[in-house]
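For reference, the structure is listed below as structure tokens.
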Amino acid sequence: VQLQASGGGLVQAGGSLRLTCAAPRFPLELDYYAIGWFRQAPGKEREGVSAISANGGHTYYADSVKGRFTISRDNVKDTVYLQMNSLKPEDTAVYYCAADIFGGDDVVEASPAEYGFWGRGTLVTVSS
């Protein structure tokens with residue numbers, strides 16, 4: 001499955017963005033996949049931001065984004081969203097979505113090493 005992340009841009013600190021992850025060339029496929037959002041800032045390793053199980057029943061958030069970011073999925077539209085509020089300059093990074101099938105529909109993984117399908121990233125820049 002080929003993923004496409006979109007929705008990045010330039011925003012002032014305190015602002016909001018909503019990222020979207022879809023697989024436009026593979027409709028109806030994402031229902032079976034857990035989806036993770038990851039980010040990589042210049043000079044830093046890729047880190048997990050948030051993830052959601054295939055059935056949407058379980059989620060994961062990194063401590064740095066808890067209370068500010070919300071992950072959700074619409075399996076009718078075959079799309080996963082990352083709503084990012086109260087953005088901070090340290091949230092500046094290229095954001096990627098990734099997908100994989102795990103041992104159950106309610107399994108969620110936080111490590112990028114667990115995901116086998118990746119899309120091109122979308123750049124989020126938060127100015128101070």
Side-chain angles (χ1 to χ4, degrees):
V1 60
Q2 292 180 323
L3 302 174
Q4 180 176 306
S6 60
L10 173 64
V11 64
Q12 288 187 332
S16 298
L17 285 172
R18 187 176 78 162
L19 304 185
T20 298
C21 179
R25 297 175 62 184
F26 296 87
L28 305 181
E29 287 285 334
L30 283 189
D31 298 25
Y32 304 102
Y33 291 80
I35 305 294
W37 282 101
F38 303 88
R39 66 186 181 187
Q40 188 164 18
K44 294 188 177 181
E45 292 187 356
R46 190 168 296 187
E47 63 174 351
V49 175
S50 184
I52 189 167
S53 60
N55 64 8
H58 288 77
T59 57
Y60 158 81
Y61 295 97
D63 288 343
S64 58
V65 307
K66 280 181 182 176
R68 301 188 297 123
F69 290 12
T70 303
I71 191 170
S72 62
R73 67 188 303 155
D74 184 337
N75 282 352
V76 174
K77 294 183 178 180
D78 231 26
T79 303
V80 175
Y81 305 99
L82 184 68
Q83 178 67 42
M84 307 188 296
N85 298 328
S86 303
L87 283 161
K88 304 175 181 179
E90 51 263 44
D91 294 318
T92 295
V94 177
Y95 283 71
Y96 301 87
C97 63
D100 216 313
I101 296 176
F102 299 122
D105 286 351
D106 59 350
V107 176
V108 61
E109 297 285 352
S111 170
E114 299 294 335
Y115 291 81
F117 302 96
W118 290 79
R120 296 177 65 179
T122 184
L123 177 62
V124 172
T125 303
V126 184
S127 63
S128 57

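All heavy atoms count here, side chains included; hydrogens, waters and symmetry mates do not. Here the structure is a predicted model, which is why all the values come from computation and not from measurement.
- Taken together through direct or relayed side-chain contacts under 4.5 Å among Ile, Leu, Val, Met, Phe, Trp and Tyr, Y81 and Y61 form parts of separate hydrophobic clusters.
- Residue S6 holds its OG atom at 12.5 Å from CZ of R120, rounded to the nearest 0.5 Å.
- Side-chain contact check for L87 versus F69: some heavy-atom pair is nearer than 4.5 Å.
- For the atom pair CD of Q4 and OG1 of T79, the computed distance is 10.0 Å after rounding to the nearest 0.5 Å.
- To the nearest 0.5 angstrom, D106 atom CG is 12.0 Å from I52 atom CD1.
- A donor-acceptor contact shorter than 3.5 Å links the side chain of D100 to the backbone of G116.
- The shortest side-chain heavy-atom distance between L30 and N75 does not fall under the 4.5 Å cut-off.
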key: Stepwise side-chain contact (heavy atoms from CB on, under 4.5 Å) check, S53 with V107   = CA-CA 5 Å; S53 60; V107 176; 5.7 Å; no
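- With a 4.5 Å cut-off on side-chain heavy atoms, L3 and Y96 do not count as touching.
- Cluster membership for V94 and M84, using ILVMFWY side-chain heavy atoms within less than 4.5 angstrom, is not shared.
- Ion pairing of D91 with K88 is absent here, as no side-chain N (NZ or NE/NH1/NH2) approaches a carboxylate O to less than 4.0 Å.
- Counting all heavy atoms, side chain and backbone alike, P89 lies closest to A13 at CD-CB, 4.1 Å.
- Atom CG of L19 is separated from atom CD of Q83 by 9.0 Å, given to the nearest 0.5 angstrom.
- Side-chain N or O atoms of R73 include none that pairs as donor or acceptor with a backbone N or O of G56 at under 3.5 Å.
- Between the side chain of S50 and the main chain of Y60, a donor-acceptor pair closer than 3.5 Å is present.
- No side-chain donor-acceptor contact under 3.5 Å links Y115 to the backbone of C97.
- Remark: side-chain polar atoms of T92 are paired, donor with acceptor, to backbone N or O of V126 under 3.5 angstrom.
- Of the inter-residue distances, the one linking L82 atom CG with I35 atom CD1 reads 12.0 Å to the nearest 0.5 angstrom.
- Going from atom OG1 of T122 over to atom CG of L17 covers 8.5 Å, rounded to the nearest 0.5 Å.
- Between F38 and W118, the gap from one ring centroid to the other is short of 6.0 Å.
- Contact check for V80 versus I71: side-chain heavy atoms found under the 4.5 Å cut-off.
- Side-chain atoms of R39 and S64, non-hydrogen and from C-beta on, do get closer than 4.5 Å to each other.
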